[in-house]
Amino acid sequence: STYTGEIIIHKSKNDCTILAYEEAHMLPSNKHLIENIIEIFSENNLNDLLAKGKVPFTSSQHQQFIVNQLNDTVVQHDLSVTIVDCFEKACEKYSKNIAIKYQDSCITYEQFSITTRNIAVRLSEENTANNPVIGICLERSDKMLAALWGILRAGAAYLPVDPNAPHDRAHVMLRQARCKIIIVDESECKIEFGDGVKVLDINALMKRSKDNDTKLLSSPVPQDLAYVLYTSGTTGEPKGVQIKHISLMNRLLWMRNKLNLTYQDVFLQKTAYTFDVSVWELTLPFIVGSNLVVLEKDKHKDPHHLIKTIMEEKVSVCHFVPTMLDQFISGYKSKIINSLVNITSLEKTICSGEALSDNTRKAFYKMLPTSDLYNLYGPTEAAIDVSYWHCPKEDVIDSVYIGKPVDNTQLYIMDDDREILPIGSIGELYIGGVQLAKGYINNPGLTAIKFVNNPLKESSVIYKTGDYA
């Protein structure tokens with residue numbers, strides 16, 4: 001990083017002393033850099049540094065500040081339970097409440113519990129011990145949700161497959177994940193999965209059998225996999241990211257607490273289930289007892305339909321990628337001008353997946369001044385999101401930040417030698433903490449490259465994002 005300032009160093013025969021430095025025209029981040037440089041020379045003898053041929057980028061004092069204060073994110077969540085435990089409690093507590101709205105159907109928690117248990121029992125007959133991976137190939141619907149939660153309640157991990165994906169990609173995913181079972185709607189599915197994969201029809205799985213109420217299910221434990229999501233990343237090669245229950249649970253509890261989400265909230269599900277943002281849309285409502293409104297296929301692309309749905313269903317929690325948020329704001333603005341709409345229910349709007357511009361932030365608050373806008377960042381390899389920024393309503397900034405780490409998560413800026421860099425420096429972002437993926441499924445070589453030893457904490461791993469910050 002560059003900075004405007006001057007450090008005056010007095011060098012004698014045996015010592016080096018910093019006499020003064022000029023702070024004029026210095027940004028706050030640059031002041032941190034200056035202070036760090038002063039600390040480096042205060043902690044070290046200049047002649048010793050010259051003899052070594054290398055000056056450390058970060059003083060020990062500055063490094064301790066980054067590690068122990070900026071990354072002090074410890075929160076004592078109960079991570080001994082899984083989302084399945086929370087789901088079953090919510091089904092008991094809110095049994096008569098609406099769990100899902102899809103098209104003209106309203107499904108209560110009691111009904112959803114019965115349906116997902118039917119699926120889980122049927123899957124357990126297929127030998128789902130030892131936390132296997134089970135595929136789903138369904139369009140967005142109440143059936144897709146039932147399949148997902150049925151898999152989780154059976155103690156398995158779900159692997160979403162796009163029904164419109166090229167056959168070759170679907171085959172690669174299932175083969176690499178060693179997936180032996182996939183759930184489809186036989187009346188709609190067009191993909192031939194080939195030998196070695198058992199295809200089960202969701203309509204048959206949902207039917208109740210006589211022993212469903214008494215059969216014991218193998219519930220997952222925190223270290224079990226919850227899901228596997230495939231991402232191509234920068235390589236173009238599909239790779240399956242394995243996320244454990246404990247990682248997902250931490251992410252959901254952080255969001256529940258930070259946004260103060262309760263059973264009175266109404267969530268909107270519109271993200272394709274092959275993208276990691278969908279995970280919290282598909283799971284978080286059911287651990288707090290909320291109502292989830294599920295959009296039909298492709299309806300998320302129509303800003304006017306979104307506006308209509310949010311108003312009619314009184315949606316309070318919704319996610320947008322920034323480009324879609326721009327379209328939503330534009331559509332909303334045109335309707336406001338014609339006095340056609342007035343959204344008052346939308347309290348929490350979450351953005352992620354792309355850089356959020358300050359112009360979008362301003363336009364959002366101009367149209368929806370009573371809502372709160374959050375900018376989140378995170379790779380698929382770290383349970384959805386690892387940082388957050390509650391965007392201010394006042395124009396006190398000229399850019400939107402990715403913000404602070406979420407609970408029990410650490411963010412470090414490092415150089416090519418994996419040495420931590422001082423505040424204000426540009427380097428590669430590394431992630432540590434409980435939300436890290438288990439690695440890439442059946443791909444130990446790539447896992448070893450991307451999930452590396454943490455030089456700041458013994459016996460721990462950090463994820464090399466490839467992103468610069």
Side-chain angles (χ1 to χ4, degrees), residues 83 87 90 94 97-109 112 138-146 148-149 160 251-252 255-256 258-332 335 341-354 356 360 364 367-368 370-376 384-385 388 391:
I83 60 170
F87 171 82
Y94 303 105
N97 289 10
I98 299 299
I100 298 169
K101 283 189 177 182
Y102 176 68
Q103 295 179 335
D104 297 327
S105 300
C106 291
I107 302 167
T108 67
Y109 270 88
F112 194 52
L138 294 166
E139 298 289 359
R140 182 168 54 236
S141 65
D142 53 343
K143 292 179 182 179
M144 180 267 283
L145 271 163
L148 185 152
W149 276 100
R251 167 61 178 77
L252 298 182
M255 187 171 178
R256 181 196 68 181
K258 178 59 64 175
L259 275 61
N260 193 29
L261 302 171
T262 72
Y263 72 96
Q264 294 176 313
D265 279 298
V266 178
F267 289 71
L268 185 63
Q269 205 289 299
K270 63 184 186 66
T271 306
Y273 73 165
T274 51
F275 292 94
D276 61 348
V277 167
S278 70
V279 177
W280 68 256
E281 290 181 344
L282 296 166
T283 56
L284 183 53
F286 302 107
I287 74 169
V288 296
S290 300
N291 173 7
L292 179 62
V293 177
V294 181
L295 280 185
E296 295 176 64
K297 177 186 175 183
D298 294 333
K299 292 294 187 181
H300 64 285
K301 299 176 183 178
D302 181 354
H304 300 295
H305 182 81
L306 277 176
I307 293 166
K308 181 174 180 288
T309 301
I310 290 171
M311 285 185 60
E312 291 180 351
E313 302 297 344
K314 296 181 172 53
V315 171
S316 61
V317 184
C318 186
H319 175 273
F320 289 94
V321 293
T323 51
M324 281 301 298
L325 182 59
D326 286 334
Q327 294 179 33
F328 175 79
I329 292 170
S330 177
Y332 186 55
K335 286 183 175 292
V341 297
N342 182 23
I343 293 177
T344 58
S345 65
L346 192 58
E347 298 175 354
K348 299 117 182 173
T349 302
I350 296 92
C351 264
S352 65
E354 301 168 354
L356 176 63
T360 300
F364 174 84
M367 294 295 103
L368 295 161
T370 61
S371 184
D372 285 303
L373 180 64
Y374 296 85
N375 187 44
L376 275 57
I384 315 168
D385 301 296
Y388 71 99
C391 300

For the student: nearest non-hydrogen atoms of K101 and I98, plus distance = CG-CG2, 3.9 Å
Spacing of OG1 belonging to T283 relative to CZ belonging to F87, to within rounding of 0.5 Å = 11.5 Å
query = Heavy atoms, side chains only, cut-off 4.5 Å: are Y109 and F286 in contact?
reply = yes
task = Side-chain contact test, heavy atoms from C-beta onward, threshold under 4.5 Å: evaluate it for V317 versus L284 and give yes or no.
result = no
query = Do you know which two heavy atoms are closest between S371 and T349, and how far apart they sit?
reply = OG-OG1, 3.4 Å
query = Any side-chain heavy atom of I329 within less than 4.5 Å of one from T360?
reply = yes
ask   = Do L261 and S290 touch side chain to side chain, with heavy atoms closer than 4.5 Å?
value = no
ask   = Do I83 and W149 pass the side chain to side chain contact (heavy atoms under 4.5 Å, CB included) test, and can you show the C-alpha distance, the side-chain angles, and the key distance before you say yes or no?
value = CA-CA 10 Å; I83 60 170; W149 276 100; 4.0 Å; yes
query = Under the side chain to side chain contact (heavy atoms under 4.5 Å, CB included) criterion, do T344 and T370 qualify, and how do the steps go?
reply = CA-CA 7 Å; T344 58; T370 61; 5.7 Å; no
ask   = If you measure from CG on L268 to CD on E281, what distance do you get to the nearest 0.5 Å?
value = 7.0 Å
T309 side chain vs H305 backbone, donor-acceptor pair below 3.5 Å = yes
request  = Report yes or no: does Y102 contribute a side-chain atom to a donor-acceptor pair with the main-chain N or O of K143 at less than 3.5 Å?
outcome  = no
query = If we only count heavy atoms from C-beta on, is the D385 to Y374 side-chain gap below 4.5 Å?
reply = no
note = Rounding to 0.5 Å, atoms CG (L252) and CD1 (I287) come to a distance of 4.5 Å
note = Checking V315, L282, L292, N291 against F267 for side-chain contact (heavy atoms from CB on, under 4.5 Å), the one that qualifies is L292
key: Minimum-distance pair of heavy atoms, taken over all atoms of S352 and L376   = CB-O, 3.3 Å
key: Side-chain donor/acceptor of R140 to backbone N/O of K270, under 3.5 Å   = yes
key: Min side-chain heavy-atom separation L259-I350 under 4.5 Å   = yes
ask   = Between L306 and L295, does a side chain to side chain contact (heavy atoms under 4.5 Å, CB included) hold up when you go through it step by step?
value = CA-CA 9 Å; L306 277 176; L295 280 185; 3.4 Å; yes
query = Quick one: CG on D372 to NZ on K348, what's the gap to the nearest 0.5 Å?
reply = 8.5 Å
query = To the nearest 0.5 Å, what is the distance between CE (M255) and CG (N260)?
reply = 12.0 Å
query = For the atom pair SG (C318) and CG (D265), what is the distance rounded to the nearest 0.5 Å?
reply = 12.5 Å
ask   = Any donor and acceptor pair, going by atom type alone, linking the side chain of E313 with main-chain N or O of V266 inside 3.5 Å?
value = no
ask   = Is there side-chain contact between M144 and Q269, with heavy atoms separated by less than 4.5 Å?
value = yes
inquiry  = Any non-hydrogen side-chain atom of I310 less than 4.5 Å from a side-chain atom of E312?
reply    = no
